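Reckoned from all heavy atoms, side chains included, excluding hydrogens, waters and symmetry mates. Since the structure is predicted, the reported quantities are computational estimates derived from the model, not experimental observations.
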Amino acid sequence: QVQLVESGGGFVQAGGSLRLSCVASGRIFSIGTMGWYRQTPGKQRDLVASITDTGGTHYADSMKGRFTISRDNAKNTVYLQMSGLKPEDTAVYYCNGQVATWRWGNKDTYWGQGTQVTVSS
């Protein structure tokens, strides 16, 4: 019904940069807040950053100044520009979105499948 697909993960050396993308497709009437989360084995999934449909942003404290979230509403896409990457940023990064599938429906949360980011020291 609604799919979110992340891309852009990979291997990078400490201090490097990566740009993640997440495209939403399917039966979409509107998308509210979109966000990026990350998870390492055995740990909970933590918020990295989020952005509202009007561009308001929120960042986890450890990402402020290093990561930038943005979105293109016409393309149903959210981005995460990551710079100054550290080994502790290594994780699977997931995007999510609050999506309404019809005009009078509530927004439900949808998740992507995740993309691996590995930062070497």
Check Ala91 against Thr40 and note the closest heavy-atom contact, atom names and distance. CB-CG2, 3.7 Å
Value for NZ (Lys107) from OG (Ser30), rounded to nearest 0.5 Å, stands at 4.0 Å
Output yes when a side-chain donor or acceptor of Ser50 lies under 3.5 Å from a complementary backbone atom of Gly35, and no otherwise. no
Closest heavy-atom pair and its distance - Gln113, Leu4: OE1-O, 3.5 Å
Roughly how far, to the nearest 0.5 Å, is OH of Tyr79 from SG of Cys95? 12.0 Å
Could you check whether any side-chain heavy atom of Asp108 comes within less than 4.5 Å of a side-chain heavy atom of Val99, counting everything from C-beta outward? no
Quick one, Gln3 with Tyr110, criterion side-chain contact (heavy atoms from CB on, under 4.5 Å). Give me CA distance, side-chain angles, the key distance, then yes/no. CA-CA 7 Å; Gln3 300 82 39; Tyr110 293 86; over 6 Å; no
Partner residues of Arg19 under the side chain to side chain donor-acceptor pair (under 3.5 Å) criterion, sequence neighbours left out: none
In terms of hydrophobic clustering (I, L, V, M, F, W, Y; side-chain heavy atoms under 4.5 Å; direct or indirect links), are Trp111 and Leu47 co-clustered? yes
Reported CD1-to-CG distance for the pair Ile31 and Asp53, which is rounded to 0.5 angstrom: 9.5 Å
When every non-hydrogen atom of Ala100 is compared with those of Gly105, the smallest separation belongs to CB-O, 4.1 Å
Salt bridge Asp89-Arg66, side-chain N to carboxylate O under 4.0 Å: yes
Closest non-hydrogen atom pair between Thr101 and Val2, with its separation: CG2-CG2, 3.7 Å
Any chance you could lay out the side-chain contact (heavy atoms from CB on, under 4.5 Å) test for Ile28 and Asn76, step after step, and finish with the verdict? CA-CA 9 Å; Ile28 297 171; Asn76 291 336; 3.9 Å; yes
Please report whether the ring centroid of Trp36 lies less than 6.0 Å from that of Phe67. no
Could you check whether Gln98 and Thr109, counting side-chain N and O atoms only, form a donor-acceptor pair closer than 3.5 Å? yes
Inter-residue atom distance Thr52.OG1 - Arg71.CZ, 0.5 Å rounding: 7.0 Å
Does a side-chain heavy-atom distance below 4.5 Å link Tyr93 with Met82? yes
Could you tell me whether the side chain of Leu80 reaches within less than 4.5 Å of the side chain of Thr68, counting heavy atoms only? no
Please check: side-chain N/O of Glu6 versus main-chain N/O of Gly114, any donor-acceptor pairing under 3.5 Å? yes
With a 4.5 Å limit on heavy-atom distance, are the side chains of Val117 and Thr90 in contact? no
Value for CD1 (Ile69) from CD (Gln81), rounded to nearest 0.5 Å, stands at 12.0 Å
Specify the closest pair of heavy atoms between Leu18 and Gly8, including all atoms of both residues, with the distance to one decimal. CD2-O, 3.8 Å
Show the nearest heavy-atom pair for residues Ser17 and Gly84, with the distance to one decimal. OG-N, 4.5 Å
Distance (rounded to the nearest 0.5 Å) between Asn96 CG and Arg45 CZ: 8.5 Å
Does the cation-pi check pass for Arg38 over Tyr94, that is, NZ or CZ under 6.0 Å from the six-membered ring centre and within 45° of its axis? no
Atom CZ of Phe11 with >12 non-hydrogen neighbours under 6.0 angstrom: no
Qualifying residues under side-chain contact (heavy atoms from CB on, under 4.5 Å), relative to Trp102, sequence neighbours excluded: Arg27, Trp104
Check: Lys75 main-chain N/O paired with Thr77 side-chain donor or acceptor under 3.5 Å: yes
